[in-house]
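In what follows, chains carry the letters A, B, and so on, assigned in the order in which the sequence lines appear, proteins first and then strands, with residues in each chain numbered from 1. Heavy atoms only: backbone and side chains are in, while hydrogens, waters and symmetry mates are out.
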There are 2 protein chains.
Amino acid sequence: MKDFPSPPPGMKANVLHPLCPSRQVLQHLTSRWGALILVALAGKTLRFSELRRALGDVSDRMLAQTLQGLEADGMVTRVAHDVVPPHVDYSLTEIGEEAAGLVQGLAAWVERRLPEILTGRVEPSQHC
Amino acid sequence: MKDFPSPPPGMKANVLHPLCPSRQVLQHLTSRWGALILVALAGKTLRFSELRRALGDVSDRMLAQTLQGLEADGMVTRVAHDVVPPHVDYSLTEIGEEAAGLVQGLAAWVERRLPEILTGRVEPSQHC
DNA sequence: GGAAGTACCTACATTTTGGTAAGTATCCAC
DNA sequence: GTGGATACTTACCAAAATGTAGGTACTTCC
């Protein structure tokens, strides 16, 4: 889950191939909560519970898990202040901010095109 | 699977929220085979079996299913020539080509940053 | 006649992903 | 001393995504 299985040696470097490490990073960035966390954290620092409130309906489990994944990918920085009650700050790294921008860009494009997509279906599966 | 559950009325239009239709489109575009199909089809027309060979290890089932999803989203056009043996051509629509470009862009960015991401982990979960 | 190619579909099994509920340790307010 | 807040973890489950194996209907090639 956190280690990247190296692709078979003979394989051509196809970024999108399921076995390619970059593919897994992509999955993390576009996963259900990964994307949300990225944009929630863009330009800000939030602590665990703030993030949970910002996202609305995440479970503790998924929030922690997704944050760990993004941290392992070098997208978020975790800083734990050793006090009680615990206080942990999450923020984006430089590449995390970049990733957030890209994900947000893709999402914005989808949103813009949504009318066409939903009504879309210009040619519904025709015979010649 | 093919219909978009409308988000609850009071919900703020968060593009990335799991319940938002745009989110589902995003999922289709970044799904395991969806992304691969988009780039394989970029600028080309391929038939079912050509696509399968191009992707290498897709199952018939997933290929057919993913293609149908993308067709429903207005990303790919399916043209069946009514001959025997069957011959079906798949190609991208205009927004399909756009989507392919964006997905490819994101993938390329991940690939460029991969060295940093993999070795990355600049600050591994520190205490203050 | 038998095998292979075409573009699928269906039922079933497995894998992955996500959710729920509970527990942990410590402190503060009541 | 009970309850809440904090940031998690673990065990267990449900749902979704994906894979496997087989079938279909028709043709051409050997």
Side-chain angles (χ1 to χ4, degrees), chain A residues 1-3 5 16-19 23-24 26-37 45-72 76-91 125-128, chain B residues 1-5 16-19 23-24 26-37 45-71 76-91 125-128:
Chain A
M1 179 181 281
K2 46 194 50 178
D3 40 77
L16 291 171
H17 194 285
L19 287 178
R23 184 52 207 264
Q24 305 191 220
L26 198 70
Q27 294 278 65
H28 293 162
L29 300 183
T30 61
S31 75
R32 176 161 194 174
W33 299 113
L36 265 324
I37 290 176
T45 291
L46 293 177
R47 42 193 301 197
F48 192 86
S49 53
E50 290 171 327
L51 217 29
R52 184 178 43 205
R53 276 188 289 270
L55 269 47
D57 45 5
V58 209
S59 58
D60 276 6
R61 186 185 169 282
M62 284 314 296
L63 184 53
Q65 192 172 299
T66 310
L67 281 169
Q68 283 163 10
L70 291 175
E71 194 194 357
V76 320
T77 308
R78 188 190 108 108
V79 180
H81 306 274
D82 206 352
V83 295
V84 62
H87 183 134
V88 181
D89 285 323
Y90 290 95
S91 53
S125 213
Q126 62 189 197
H127 277 255
C128 74
Chain B
M1 180 181 280
K2 46 195 46 180
D3 38 81
F4 304 100
L16 292 170
H17 195 284
L19 287 178
R23 184 52 208 263
Q24 305 191 220
L26 198 70
Q27 294 278 63
H28 292 162
L29 300 184
T30 61
S31 75
R32 176 160 195 173
W33 299 113
L36 266 323
I37 290 176
T45 291
L46 294 177
R47 42 193 300 197
F48 192 86
S49 52
E50 289 171 327
L51 217 29
R52 184 180 41 205
R53 275 188 289 271
L55 269 48
D57 46 5
V58 211
S59 58
D60 277 5
R61 187 185 170 281
M62 283 315 295
L63 184 52
Q65 192 172 300
T66 309
L67 280 169
Q68 284 164 8
L70 291 174
E71 193 194 357
V76 321
T77 308
R78 188 191 107 110
V79 181
H81 307 276
D82 207 352
V83 296
V84 61
H87 183 136
V88 181
D89 284 324
Y90 290 95
S91 53
S125 211
Q126 62 188 195
H127 276 255
C128 72

Please produce a list of atom pairs where a protein N or O lies less than 3.5 Å from an N or O of nucleotides 3-9 of chain D.
unit_1: dT6(D); atom_1: O3'; unit_2: R47(A); atom_2: NH2; d: 2.9
unit_1: dT6(D); atom_1: O3'; unit_2: P86(A); atom_2: O; d: 2.9
unit_1: dA7(D); atom_1: OP1; unit_2: R47(A); atom_2: NE; d: 2.9
unit_1: dA7(D); atom_1: OP1; unit_2: R47(A); atom_2: NH2; d: 3.0
unit_1: dA7(D); atom_1: OP2; unit_2: S49(A); atom_2: N; d: 3.0
unit_1: dA7(D); atom_1: OP2; unit_2: S49(A); atom_2: OG; d: 2.8
unit_1: dC8(D); atom_1: OP1; unit_2: R78(A); atom_2: NH1; d: 2.1
unit_1: dC8(D); atom_1: OP2; unit_2: R78(A); atom_2: NH1; d: 3.2
unit_1: dC8(D); atom_1: OP2; unit_2: Y90(A); atom_2: OH; d: 2.7
unit_1: dC8(D); atom_1: N4; unit_2: D60(A); atom_2: OD2; d: 2.7
unit_1: dT9(D); atom_1: OP1; unit_2: Q68(A); atom_2: NE2; d: 3.1
unit_1: dT9(D); atom_1: OP2; unit_2: Q68(A); atom_2: NE2; d: 3.0

Which heavy atom of R78(B) sits nearest a heavy atom of V88(B), and at what distance? CG-CG1, 3.6 Å
Whichever of S59(A) and Q27(A) has the more 5' nearest nucleotide on DNA chain C, that residue is Q27(A)
Taking side-chain contact (heavy atoms from CB on, under 4.5 Å) as the definition, give me every residue that meets it alongside V58(B), ordered by chain and number, with sequence neighbours left out. W33(B), L55(B), M62(B), L63(B)
Qualifying residue, where the test is side-chain contact (heavy atoms from CB on, under 4.5 Å) with Y90(A) and the options are L46(A), V79(A), L67(A): L67(A)
Could you tell me whether the side chain of D89(A) reaches within less than 4.5 Å of the side chain of T77(A), counting heavy atoms only? no
Whole angstrom is fine here: how far is it from CE in M62(B) over to C1' in dA13(C)? 15 Å
Gap between atoms CZ and C1', on R32(B) and dT14(C) respectively (whole Å): 13 Å
For D60(B), what residues pass the side chain to side chain donor-acceptor pair (under 3.5 Å) criterion, not counting sequence neighbours? R52(B)
What is the minimum heavy-atom distance between E50(A) and T45(A), and which atoms define it? OE1-O, 4.3 Å
Please give, in whole Å, the distance from dC8(C) P to L46(B) CG? 14 Å
